[in-house]
Asker: 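Sharing a structure with you now.
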Amino acid sequence: MTATQDATGPASHRAAPVHIHPRDVTLEAALLALADPVRRTLVRELAAAGPWERTCGTFDVPVTKATLSRHFAVLREAGLLEQKDAGARRLNRLRREEFDERFPGLLALVLADRL
């Protein structure tokens with residue numbers, strides 16, 4: 001085995017995403033995550049896509065790659081987003097059902113607001 005491999009195969013160049021279940025998220029954290037216009041754009045685009053269809057690089061938002069990564073982290077920490085790695089790509093899924101169970105109607109309001 002090389003230094004970049006272990007018994008399960010090649011090592012990833014990045015850490016696996018950490019997810020918070022919406023039931024463990026406070027209302028304040030959910031509102032803060034949804035307060036940012038870039039994050040609302042990400043949520044809207046994910047809501048319009050099927051689960052696991054969108055990779056991180058397919059969102060057209062006016063921020064740097066590092067800032068975009070931070071926005072994804074905030075959405076994960078608020079229980080809105082689930083991510084999984086597929087090779088070099090990171091796929092995204094809006095956790096709509098789980099989030100709606102915790103905060104009924106909140107996501108619908110965000111998705112309906114086009115400002």
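FYI, side chains are in, hydrogens and waters are out, and symmetry mates aren't considered; it's all heavy atoms of this structure. Since we're looking at a predicted model, the values are computed, not measured.
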Asker: If Ile, Leu, Val, Met, Phe, Trp and Tyr residues are connected whenever their side-chain heavy atoms lie under 4.5 Å apart, and connections chain through other members, are L80 and V18 in the same group?
Answerer: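 No, L80 does not connect to V18 through the hydrophobic network.
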Asker: Out of curiosity, does F72 fall in the hydrophobic cluster containing L32 (side-chain heavy atoms, cut-off under 4.5 Å, transitive links)?
Answerer: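 Shared cluster, no.
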Asker: Main chain of L91, side chain of R54: is a donor-acceptor contact present, judged purely on distance under 3.5 Å?
Answerer: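 Checking the backbone N and O of L91 against the side chain of R54, no donor-acceptor pair under 3.5 Å is found.
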Asker: Atom CH2 in W52, atom CZ in R89: separation rounded to 0.5 Å?
Answerer: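 Output value for this atom pair is 12.5 Å.
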Asker: Calculate, to the nearest 0.5 Å, the distance between atoms CD and OG1 belonging to Q83 and T55 respectively.
Answerer: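 Separation between the atoms: 10.5 Å.
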Asker: So how far is it from N92 CG to C56 SG, rounded to the nearest 0.5 Å?
Answerer: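 Output value for this atom pair is 4.0 Å.
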Asker: Please find the pair of heavy atoms, one from F103 and one from L27, that lie closest to each other, and give the distance.
Answerer: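 Residues F103 and L27, closest heavy atoms: CE2-CA, 3.6 Å.
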Asker: Among the clusters formed by ILVMFWY side chains lying less than 4.5 Å apart, do L75 and F59 turn up in the same one?
Answerer: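 Yes, L75 and F59 fall within the same hydrophobic cluster.
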Asker: Return yes if some donor-acceptor pair links the side-chain N/O of E45 with the main-chain N/O of L42 below 3.5 Å, else return no.
Answerer: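 Answer holds: no.
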Asker: The criterion is side-chain hydrogen bond (donor to acceptor under 3.5 Å, both in side chains); which residues satisfy it with E82, sequence neighbours excluded?
Answerer: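 Counting only residues at least two positions away or on another chain, E82 forms a side-chain hydrogen bond (donor to acceptor under 3.5 Å, both in side chains) with R93.
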Asker: Does the side chain of R76 come under 3.5 Å of the side chain of H19 through a donor N or O and an acceptor N or O?
Answerer: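 No, no side-chain donor-acceptor pair sits under 3.5 Å.
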Asker: Locate the shortest heavy-atom distance separating G79 from V25; write the atom from each residue and the value.
Answerer: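 Heavy-atom minimum between the residues: N-CG2, 3.8 Å.
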Asker: Just by modelled atom types, is the V63 backbone N or O under 3.5 Å from a matching donor or acceptor in the T67 side chain?
Answerer: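 The answer is no, because no donor-acceptor pair under 3.5 Å joins these two groups.
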Asker: Assigning hydrophobic clusters by single linkage (Ile, Leu, Val, Met, Phe, Trp, Tyr; side-chain heavy-atom cutoff under 4.5 Å), is I20 placed with L107?
Answerer: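 Linked, I20 and L107 end up in one cluster.
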Asker: Give the minimum heavy-atom separation between A29 and A78, together with the two atoms involved.
Answerer: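 Scanning both residues, the minimum pair turns out to be O-CB, 4.0 Å.
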Asker: Answer with yes or no whether the hydrophobic clustering places V61 together with L94; edges join I, L, V, M, F, W, Y residues whose side-chain heavy atoms lie under 4.5 Å apart.
Answerer: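 Result: yes, single cluster for both.
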Asker: Do any N or O atoms from the side chain of R40 and from the backbone of L111 form a donor-acceptor pair under 3.5 angstrom?
Answerer: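 Flag not set: sc R40 to bb L111 has no pair under 3.5 Å.
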Asker: Can you list everything that forms a side-chain hydrogen bond (donor to acceptor under 3.5 Å, both in side chains) with H21? Sequence neighbours excluded, please.
Answerer: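 Counting only residues at least two positions away or on another chain, H21 forms a side-chain hydrogen bond (donor to acceptor under 3.5 Å, both in side chains) with R23.
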Asker: Do P22 and E101 have side-chain heavy atoms sitting under 4.5 Å apart?
Answerer: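 P22 does not reach E101 side chain to side chain.
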Asker: Do L34 and R39 have side chains that approach each other closer than 4.5 Å (heavy atoms only, starting at C-beta)?
Answerer: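 They are not in contact (no side-chain heavy atoms under 4.5 Å apart), so the answer is no.
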Asker: So, do D85 and P17 sit near enough that their side-chain heavy atoms are less than 4.5 Å apart?
Answerer: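 Of all side-chain heavy-atom pairs linking P17 with D85, at least one is under 4.5 Å.
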